[in-house]
Amino acid sequence: MKQIYLDYSATTPTRKEVLAEALPYFNEKFGNPSSFHSTGLVAKKAMSEARAKIAEILHAAPEEVIFTGSGTESINLALKGIAFCAMLEGKKGVFITQKTEHHAVFETLEWLEKLGFEVINAKIDEFGVIDLADLRALLEENKGNVLLVSIMYANNEIGTIQPIREIADICHEYEVIMHTDACQGAEYLNLNTEDLGVDMMTLNGSKVYAFKGTGLLFKKNNVKIEPLIHGGAHEGGMRAGTENVAGIVAFAKALEIAEKEKKKESARLSKLRDYMIKKIQKEIPNTLLNGDAKKRLPNNVNISFEGVEGESILLRLNEKGIRVSTGSACSSQSLDPSHVLLGIGRPHGLAHGSIRFSLGHDTTKKQIDYTIKELKGIIKFLREISPVWEKNDWKRKIKK
Amino acid sequence: MKQIYLDYSATTPTRKEVLAEALPYFNEKFGNPSSFHSTGLVAKKAMSEARAKIAEILHAAPEEVIFTGSGTESINLALKGIAFCAMLEGKKGVFITQKTEHHAVFETLEWLEKLGFEVINAKIDEFGVIDLADLRALLEENKGNVLLVSIMYANNEIGTIQPIREIADICHEYEVIMHTDACQGAEYLNLNTEDLGVDMMTLNGSKVYAFKGTGLLFKKNNVKIEPLIHGGAHEGGMRAGTENVAGIVAFAKALEIAEKEKKKESARLSKLRDYMIKKIQKEIPNTLLNGDAKKRLPNNVNISFEGVEGESILLRLNEKGIRVSTGSACSSQSLDPSHVLLGIGRPHGLAHGSIRFSLGHDTTKKQIDYTIKELKGIIKFLREISPVWEKNDWKRKIKK
Amino acid sequence: MEGGDWFYTGAVKEHFMKPKNFYKNDKEVKNFDGYGRVGNVKCGDLMEMWIKIKDDKIKDVKWKTFGCASAIASTSMLSVMLKEKGGMRLEKALKLTGKDIMDRLGGLPAIKIHCSVLGDQALRAAIYDYKMKSGRTDLKVDKPAEFDEHAH
Amino acid sequence: MEGGDWFYTGAVKEHFMKPKNFYKNDKEVKNFDGYGRVGNVKCGDLMEMWIKIKDDKIKDVKWKTFGCASAIASTSMLSVMLKEKGGMRLEKALKLTGKDIMDRLGGLPAIKIHCSVLGDQALRAAIYDYKMKSGRTDLKVDKPAEFDEHAH
Ligand SMILES: Cc1ncc(COP(=O)(O)O)c(C=O)c1O
Ligand SMILES: Cc1ncc(COP(=O)(O)O)c(C=O)c1O
């Protein structure tokens with residue numbers, strides 16, 4: 001049975017061209033970039049070129065690109081970097097964010113709360129889009145006290161795209177630094193940081209057909225942060241440790257390809273996405289699209305199926321070779337329903353019954369058709385054995 | 001010109017068998033271990049098996065192995081993990097270490113000093129071996145206040161091996177937790193944590209023929225630390241972020257091979273090492289071995305050449321295809337002489353004139369002979385153009 | 001548990017993919033003697049159970065479950081356990097624990113254990129319902145905490 | 001600067017691997033007119049320079065250097081600059097800066113710049129020595145900060 005992978009938002013395979021570009025750095029050009037001899041300098045050169053390539057894509061200076069060991073580390077570096085900087089000056093302060101951020105943002109902020117920082121969530125609407133007026137009000141209310149605003153570029157579960165430029169502009173009116181977690185946006189959205197106006201931005205390799213365990217933080221030169229990992233002058237003193245040269249080379253190659261294919265691939269997938277949403281809603285009754293229909297990642301389809309529970313759908317699809325996700329991969333091991341779906345106001349029943357299909361490079365219309373055919377049967381059966389399908393009334397309440 | 005790589009302590013190439021084992025996890029078995037579907041579970045299984053393999057080598061429980069993105073991160077996790085734990089309880093305290101630790105340890109501790117923690121160096125002798133009586137005295141003096149003792153297993157520059165078991169025993173007499181940075185020891189020394197008695201231990205992949213950008217922290221279950229990177233339940237909640245599955249698989253394979261070949265390879269290299277030291281000292285006058293002749297890594301030769309400066313030796317050897325290092329790779333970009341050599345009391349002149357040859361898997365006697373032949377000519381020439389070779393008297397003072 | 005390319009054991013998979021004795025329509029349970037319902041949608045697990053009693057033995061079982069694979073599988077497995085060997089005696093059925101079901105499933109991941117516990121609770125609720133309807137006050141079963149008077 | 005498999009420029013490499021005009025023995029500098037020594041072993045860079053003056057021009061230069069590749073290369077390059085085109089006029093030599101040497105080397109990494117600066121200091125020390133010995137008090141050169149009376 002061929003696998004139909006519809007979980008590209010959880011992670012992507014490494015593309016062949018990307019792996020090929022990186023392979024020599026494992027054993028042929030394996031030097032430590034900090035070494036002074038030729039073997040080291042060859043590695044250093046590869047790293048510098050990768051950095052320059054990415055800087056060009058981001059419209060940034062090379063030294064504004066800090067390579068990290070994951071998207072999560074990059075986020076921790078941005079948020080704690082600002083917090084520790086304040087702490088060393090004997091200050092605390094306020095972080096503004098919103099409810100549908102990735103665990104990496106909200107758990108980091110939860111931890112900073114324990115250290116005495118304050119965290120405030122700006123309001124979002126039922127599609128997960130930030131309320132700009134509320135953000136402005138919060139900035140006004142906490143004037144002089146806000147250390148950072150962190151709002152994700154695109155949501156990993158429901159694909160909602162935030163108005164990053166507008167958010168950055170408002171932050172800058174109040175002279176507040178803005179960070180965005182762009183892990184899910186990199187493949188499809190504009191990464192020009194001049195256009196976006198952000199001060200810091202997180203990307204990772206595992207979502208762009210590069211390596212797991214790679215990430216980066218774009219940080220404008222004028223933004224002062226403390227390092228998260230000490231121990232050497234690597235990455236401009238911002239992230240110590242022997243650099244993952246192969247991973248960095250792969251990351252640059254992958255972003256380069258993404259940039260080249262962005263327009264075409266986004267158009268292709270947006271069409272597939274809309275086709276899939278429409279067809280599911282037509283063929284399966286009592287479903288609900290989560291997230292915004294338009295301000296949405298080209299590859300994201302997130303749907304709640306009334307009366308059934310997500311894991312059961314996931315595992316039955318899995319038996320048909322179809323790989324999908326309930327909420328984010330990170331939370332699959334948790335029993336709580338997705339904080340994102342609860343965050344946009346979905347009742348628990350619907351939050352428990354959601355499936356994220358995330359499309360990607362290898363996704364075809366044929367795969368989508370096959371998936372929907374199988375899905376239809378699965379939902380039908382699970383509803384048949386579900387005690388909430390006919391009896392409960394929450395399903396009627398939420399219908400629009 | 002064939003390259004003679006004598007800088008294995010800076011980094012190692014990935015071994016063919018190791019790369020082969022890891023390659024499928026880039027695109028064939030590329031799933032996110034947190035994903036619930038089969039593609040995810042296949043990756044999870046590989047990771048679990050890697051963890052179990054390593055746990056067996058360390059004589060630890062699988063959940064006592066926390067994978068990180070480098071040795072440096074592992075060290076930061078151990079040290080800051082303890083510090084933040086204390087901070088959240090409203091406490092500060094003392095860290096005990098010694099002067100020849102890797103930058104990852106001493107720069108992390110320097111940073112913790114800024115946050116209000118105290119750092120004390122235990123005395124070492126001229127070979128870099130810790131003074132156990134002094135350690136005990138410090139523990140006695142600071143009774144009830146010491147949060148952690150961190151002493152490296154083997155030094156990366158001069159190869160000195162510390163009496164880890166004795167250190168751990170003394171720490172435990174005072175009920176103090178002990179961490180060891182074993183990045184340089186993994187290939188050659190006993191990694192059985194029951195034998196060593198340590199509570200935490202750092203290893204990394206880039207020194208054991210696995211991947212750069214991989215590391216781990218062994219942490220006994222009863223040791224409580226705060227995570228360094230928040231954002232998910234990965235690694236038992238101790239290190240969030242999508243796991244570097246390929247890197248983890250590679251790490252386990254590499255440690256497995258190391259364990260198998262440890263005895264034989266240590267014997268082979270010890271012999272080569274002693275041959276090299278003897279031959280250099282015989283053929284080149286006015287040299288000085290740095291570190292202990294016996295309590296020494298099998299692959300480390302570190303020698304000061306009077307009257308010449310290390311970088312010049314390094315670059316002239318490089319022209320002959322020979323790759324060596326002055327001090328640690330990390331500090332190559334710094335003008336200060338090695339903190340390790342100054343730490344064991346070498347005068348600046350000799351500290352500036354040191355070269356580390358670190359042997360490894362591909363090193364042969366023929367390579368050593370060729371290296372010494374070239375080295376001899378290079379030292380001769382550099383001394384000819386050196387103003388300190390005949391005139392200065394520091395060189396005589398230090399001779400023994 | 002982390003062993004293969006499936007999260008659960010083979011038995012869980014079997015009972016999840018091909019559940020036994022699940023409720024198909026009202027006619028099936030028309031002459032049943034007890035009914036129980038536990039859990040709620042908020043927690044992500046909800047179960048209904050119908051039992052038919054004869055000679056103090058459980059002669060038939062039907063169920064419905066909203067929940068994850070382990071919830072569905074454990075209810076299915078419970079129904080098999082109750083019906084096998086001519087039907088389980090009520091006395092014994094009342095002693096059944098979540099662990100018994102779990103053991104038959106070959107174990108469950110720690111985080112999922114609460115699901116299988118729901119099965120024995122649904123059973124107890126159904127037996128309590130039977131006790132009330134039949135006047136079998138000798139049956140040692142208390143009113144379930146979540147017992148919904150109106151549903152019965 | 002991070003461009004290749006060598007840390008420095010081609011010119012640095014050339015002058016480091018094949019340094020020009022370095023001191024070979026005392027006889028060579030017997031009739032030289034000025035001597036300077038700057039730097040110290042502690043900092044990792046130390047330089048000696050001997051100059052021969054004729055008609056206010058530097059006719060010959062010899063040097064010794066303890067230091068990194070850029071220190072050796074920059075002294076070598078300086079010696080070439082001083083001797084070329086029939087020898088540099090003292091006046092012009094006194095205006096030489098570290099940057100001039102660096103430019104001829106095609107640049108140096110920021111962290112290494114201080115090394116090349118040592119070359120012009122050694123030269124100045126040597127010219128000061130010549131000034132003292134020859135009574136050429138018109139030469140605009142001050143006593144070097146590190147001037148070692150006993151060494152001269
Ligand atoms: C002794 C020692 N500790 C720590 C490290 C840091 O490891 P990494 O470069 O993987 O961060 C190294 C090597 O770089 C080392 O030699
Ligand atoms: C939106 C978002 N932020 C952050 C991350 C974390 O990235 P990583 O897994 O590389 O740490 C992810 C994916 O896991 C993500 O989707």
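Values reported hereafter were calculated over all heavy atoms of this structure, with side chains retained and with hydrogens, waters and symmetry mates removed. Lettering follows sequence order; numbering is per chain, from 1.
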Item to complete: Examine whether an atom of A:Glu243 lies under 4.5 Å from a heavy atom of chain B, and if so say whether it belongs to the side chain, the backbone or both; otherwise answer neither.
Response: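 Answer is backbone: N, CA, C or O of A:Glu243 sit under 4.5 Å from chain B.
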Worksheet item: For A:Tyr209, is it the side chain, the backbone, both, or neither that has a heavy atom closer than 4.5 Å to a heavy atom of chain B?
Response: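 Neither part.
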Worksheet item: Taking every heavy-atom pair that is under 4.5 Å apart, which of B:Gly31, B:Ser206, B:Ser70 has the most such pairs with chain A?
Response: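 Sorted descending by pairs with chain A, the first entry is B:Gly31.
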Worksheet item: Using 30° and 60° as the class limits, which term best fits the ring planes of B:Phe211 and A:Phe26: parallel, tilted or perpendicular?
Response: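 Taking A:Phe26 first and then B:Phe211, their aromatic rings sit tilted (interplane angle of 30° to 60°).
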Worksheet item: What residue in A:Leu77, A:Asn204, A:Leu19 has the most heavy-atom pairs under 4.5 Å with chain B?
Response: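 Most heavy-atom pairs under 4.5 Å with chain B: A:Leu19.
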Discussion item. Quick check on the interface: out of A:Gly69, A:Ala104, A:Gly241, who has the most heavy-atom pairs with chain B under 4.5 Å?
Written reply: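 Of the candidates given, the most pairs with chain B belong to A:Ala104.
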Item to complete: State, to 0.1 Å, how close B:Lys212 and A:Phe30 come at their nearest heavy-atom pair, and which atoms those are.
Response: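 Distance-wise, the nearest heavy atoms are NZ-O, 2.6 Å.
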Heavy-atom cut-off 4.5 Å, strictly under: side chain, backbone, both or neither for [X] against chain A?
X	value
B:Glu226	side chain
B:Lys29	neither
B:Leu23	side chain
B:Leu228	both
B:Thr214	neither
B:Thr108	both
B:Val105	neither
B:Phe106	neither

Worksheet entry | Value rounded to 0.5 Å, distance of CZ in B:Arg323 from OG in A:Ser38 |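 Here the rounded value is 4.5 Å.
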Worksheet item: Taking atom OG of A:Ser9 and atom CG of B:Asn32, what is their separation to the nearest 0.5 Å?
Response: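 That separation rounds to 11.0 Å.
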Going by heavy atoms in the side chains, are [X] and [Y] under 4.5 Å from each other?
X	Y	result
A:Thr39	B:Gln3	yes
A:His230	B:Lys80	yes
A:Leu88	B:Trp111	yes

Worksheet item: B:Val324 and A:His37: side-chain contact (heavy atoms from CB on, under 4.5 Å), yes or no, with the steps?
Response: CA-CA 7 Å; B:Val324 302; A:His37 48 64; 5.9 Å; no
Worksheet entry | Exceeds 12 heavy-atom contacts within 6.0 angstrom, atom NZ of A:Lys92 |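 Counting neighbours around NZ of A:Lys92, more than 12 heavy atoms of other residues, nucleotides or ligands fall under 6.0 Å, so yes.
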Discussion item. If you count every heavy atom of other residues, nucleotides or ligands that lies below 6.0 Å from A:Lys16 atom NZ, does the total exceed 12?
Written reply: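 Open.
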Worksheet item: When you check the side-chain N and O atoms of B:Thr14 and A:Asn27, is any donor under 3.5 Å from an acceptor?
Response: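 No, A:Asn27 and B:Thr14 have no side-chain donor paired with an acceptor closer than 3.5 Å.
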Practice prompt. Under the ring-ring contact (aromatic ring centres under 6.0 Å, His included) rule, what do A:Phe84 and B:Phe84 come out as? Steps first, then yes or no, please.
Written response: CA-CA 12 Å; A:Phe84 290 142; B:Phe84 291 141; 5.6 Å; yes
Discussion item. I need the single residue from B:Thr68, B:Ile75, B:Asn76 that forms a side-chain contact (heavy atoms from CB on, under 4.5 Å) with A:Ile229. Which is it?
Written reply: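 So the option named by the test is B:Asn76.
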